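This one's a predicted model, so the numbers in the text were calculated from it and none came from an experiment.
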Amino acid sequence: MTHQFSDQAPELFDRPLLPPDHEAPRRAARLRELGLGQKRESGFDRFAHELALEAQQLTGLATTPVAFVNLIGEDQFVSGVFTPPAAADLVEGILDLRIPLNAGYCPHVVVRRKALILDDVLDYPRFAGNPIVDKLMVRSYAGAPLTDRTGTVLGTVCVVDSEPRPWGKAGLDLMKRKAADLAARIDLREGLPD
């Protein structure tokens, strides 16, 4: 079952934070063509777990961060997630939800077609008070566009944490590499029966 993200005041979602997204119709059509963005994907959950473990190893964190595969069509949909036990209650509230495009960082990554690394989100006023970010208590973000073989950015792969993290160039490289890895997996499964 899919729900709308409606527990926040509607005026919080009225802020125009995104640049124009001229590829949105093409992206939505491509996601439909691939049969993605309508339900959670167990393969994407496994991928998110891999991503979280690699991010933990990279940063030397004591615990794994939360990792997402977020597909962006007319809205955002978490198609894969890994949540460590400490964050389970926070993340559970957004799973299987349709999240507005002006909530979070992933739509910015998609529209810009570039990875985004925010070691401490509080250093970036543009994202201050973002309802989904506040709900999840996000303090750091690292994400990269998920670009398929047609050049369409389908969404993002990302990790978030409740503490500032110095992702640096190694974090940027990790996100880009893992996005390319998942894109290759999607390309391989294209055309295979459901």
Side-chain angles (χ1 to χ4, degrees), residues 15-21 23-24 27 44-72 75-84 86-87 90-91 94 99-148 151-186:
R15 295 178 292 164
L17 294 175
L18 282 175
D21 184 1
E23 295 183 14
R27 180 180 322 103
F44 289 176
D45 285 341
R46 286 188 299 275
F47 174 87
H49 190 191
E50 293 170 19
L51 175 61
L53 290 173
E54 287 190 45
Q56 177 186 18
Q57 184 177 29
L58 173 79
T59 59
L61 296 172
T63 60
T64 52
V66 177
F68 295 102
V69 175
N70 192 11
L71 300 178
I72 311 288
D75 50 22
Q76 300 181 71
F77 185 77
V78 175
S79 287
V81 66
F82 172 76
T83 309
L90 291 173
V91 174
I94 68 158
I99 303 167
L101 292 175
N102 63 345
Y105 309 117
C106 293
H108 293 269
V109 171
V110 168
V111 172
R112 293 174 52 229
R113 302 179 65 90
K114 292 182 180 179
L116 178 64
I117 304 295
L118 303 173
D119 294 339
D120 185 344
V121 301
L122 298 181
D123 290 342
Y124 300 88
R126 175 180 196 155
F127 298 112
N130 192 300
I132 191 85
V133 172
D134 290 348
K135 182 178 182 72
L136 295 178
M137 294 188 279
V138 173
R139 267 309 279 284
S140 67
Y141 173 92
L146 178 60
T147 307
D148 78 351
T152 304
V153 178
L154 304 173
T156 66
V157 300
C158 67
V159 293
V160 299
D161 202 359
S162 59
E163 297 293 327
R165 300 290 173 211
W167 298 109
K169 182 167 179 351
L172 177 65
D173 291 344
L174 172 66
M175 292 298 112
K176 289 179 177 181
R177 180 174 52 78
K178 294 303 286 183
D181 179 37
L182 184 57
R185 294 181 196 191
I186 291 170

Q: Would you name the heavy atoms of R27 and T152 that are closest together and state the gap between them?
A: CA-CG2, 3.8 Å

Q) Does D161 reach the main-chain N or O of P164 with its side chain, forming a donor-acceptor pair under 3.5 Å? A) no

Q) Looking only at heavy atoms, which two atoms of L174 and E54 are closest? And how far apart? A) CD1-OE1, 3.3 Å

Q) For the atom pair NZ (K176) and OG1 (T147), what is the distance rounded to the nearest 0.5 Å? A) 11.0 Å

Q) Can you tell if the side chain of V66 reaches within under 4.5 Å of the side chain of P84, non-hydrogen atoms only? A) yes

**Q.** side chain to side chain contact (heavy atoms under 4.5 Å, CB included) between E50 and F82, worked out
**A.** CA-CA 9 Å; E50 293 170 19; F82 172 76; over 6 Å; no

Q: Report yes if some heavy atom in the side chain of L118 is under 4.5 Å from a heavy atom in the side chain of D123; otherwise report no.
A: no

(Q) For a quick test of reading the model, state the closest non-hydrogen atom pair linking C106 to C158 and the distance between them. (A) SG-SG, 3.8 Å

Q: Please lay out, stage by stage, how F44 and L182 fare under the test side chain to side chain contact (heavy atoms under 4.5 Å, CB included).
A: CA-CA 8 Å; F44 289 176; L182 184 57; 3.7 Å; yes

Q. If you measure from OG on S79 to CG on N70, what distance do you get to the nearest 0.5 Å?
A. 7.5 Å

Q. Of all heavy-atom pairs between A67 and A48, which one has the smallest distance, and what is that distance?
A. CB-O, 3.2 Å

Q) Hey, is the main chain of V81 close enough, under 3.5 Å, to the side chain of D45 for a donor-acceptor pair? A) yes

Q) Would L146 and T156 satisfy side chain to side chain contact (heavy atoms under 4.5 Å, CB included), going step by step from the backbone distance to the final call? A) CA-CA 5 Å; L146 178 60; T156 66; 5.8 Å; no

Q: Could you tell me whether D120 and R139 have a side-chain N and a carboxylate O separated by less than 4.0 Å?
A: yes

Q) Hey, are the side chains of P145 and K114 touching, using non-hydrogen atoms and a 4.5 Å cut-off? A) no

Q) Which is it for M175 and V159 under the side chain to side chain contact (heavy atoms under 4.5 Å, CB included) test, yes or no, and what are the steps along the way? A) CA-CA 9 Å; M175 292 298 112; V159 293; 3.9 Å; yes

Q) Which value, rounded to the nearest 0.5 Å, describes the distance between Y141 atom OH and L116 atom CG? A) 6.0 Å

Q: Kindly give the heavy-atom pair with the smallest separation between P100 and Q76, and that separation in Å.
A: O-NE2, 2.8 Å

Q: To the nearest 0.5 angstrom, please state how far the CG atom of L51 sits from the CZ atom of F68.
A: 11.0 Å

**Q.** side chain to side chain contact (heavy atoms under 4.5 Å, CB included) partner of L154, the single match among I72, I186, V110
**A.** I186

**Q.** Presence of salt bridge, R185 and D181, under 4.0 angstrom
**A.** yes

Q) Which atom pair, heavy atoms only, marks the closest approach of E163 to S140? A) O-OG, 3.1 Å

